[in-house]
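Below is one structure, written out as structure tokens; the observations come after it.
First listed ligand is number 1; within each ligand, the first listed atom is number 1. Starting from 1, each residue takes its place in the sequence as its number.
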Amino acid sequence: MKLLVINGPNLNMLGIREKNIYGAETYEDLKALIEKTFAEQGIEGEIYQSNHEGALVDRIQQAYFDGTNAIVINPAAYTHTSVAILDALKAVSLPAVEVHISDVKEREDFRQISYAGKACEKTIMGKGFHGYVEAILYLVEKYK
Ligand code: CA2
């Protein structure tokens with residue numbers, strides 16, 4: 001099984017600011033946790049991060065051609081604005097799980113819509129970095 005984890009804008013800044021919302025651990029720590037989960041599950045995995053909407057769309061499209069079986073995605077702020085990312089997820093039609101580190105439903109009104117979430121079969125939020133582990137385990141259980 002080949003799994004792709006996609007992270008959107010500013011998530012590379014984890015642990016630097018807004019520690020009260022996203023925790024003190026860094027993006028490197030998050031990548032290490034995800035890599036460990038890939039290894040424990042015996043699956044092939046890739047982690048991709050970009051601050052650019054079009055680059056995220058390109059990477060989702062690439063997943064259709066490179067043998068990816070499922071996607072875990074935290075589109076970050078683009079969650080709440082990007083129909084392009086929603087359309088890309090629909091276009092590739094791969095099983096996808098949406099992850100948010102914070103509990104988005106307890107936050108500002110402008111965060112209450114998720115476009116990408118409309119193409120995802122499950123959303124995990126408010127569980128910190130562990131949400132990524134949960135998403136991977138869900139997809140492995142269902143599709144491996
Ligand atoms: O809770 C999440 O995972 C979010 O996707 C994070 C996004 C936010 O726009 C979404 O509404 C919820 C923001 C990620 C920005 O991360 C930062 C990290 C360090 C310092 C500042 C922002």
Look at the side chain of [X] and the backbone N and O of [Y], then say whether any donor-acceptor pair between them is shorter than 3.5 Å.
X      : Y      : value
Gln112 : Arg107 : yes
Lys2   : Asp66  : yes
Ser82  : Thr79  : no

*With Met13, which residues qualify under side chain to side chain contact (heavy atoms under 4.5 Å, CB included), at least two apart?*
Ile16

*Report the C-alpha separation of Lys36 and Val133 in whole Å, then their side-chain angles, then the decisive distance to 0.1 Å, and conclude whether the side chain to side chain contact (heavy atoms under 4.5 Å, CB included) test is met.*
CA-CA 9 Å; Lys36 180 170 160 273; Val133 175; over 6 Å; no

Filter the ligand 1-protein atom pairs down to N or O on both sides and distance under 3.5 Å, then list them.
unit_1: ligand 1; atom_1: 1 (O); unit_2: Ile101; atom_2: N; d: 3.3
unit_1: ligand 1; atom_1: 1 (O); unit_2: Ser102; atom_2: N; d: 2.8
unit_1: ligand 1; atom_1: 1 (O); unit_2: Ser102; atom_2: OG; d: 2.6
unit_1: ligand 1; atom_1: 3 (O); unit_2: Asn74; atom_2: ND2; d: 2.8
unit_1: ligand 1; atom_1: 3 (O); unit_2: Ile101; atom_2: N; d: 2.7
unit_1: ligand 1; atom_1: 5 (O); unit_2: Asn74; atom_2: OD1; d: 2.8
unit_1: ligand 1; atom_1: 5 (O); unit_2: His100; atom_2: ND1; d: 2.9
unit_1: ligand 1; atom_1: 9 (O); unit_2: Ala77; atom_2: N; d: 3.4
unit_1: ligand 1; atom_1: 9 (O); unit_2: Arg111; atom_2: NH1; d: 2.9
unit_1: ligand 1; atom_1: 11 (O); unit_2: His80; atom_2: NE2; d: 2.7
unit_1: ligand 1; atom_1: 11 (O); unit_2: Arg111; atom_2: NH1; d: 2.8

_Pairing donors with acceptors under 3.5 angstrom, does anything connect the side chains of Tyr132 and Asn7?_
yes

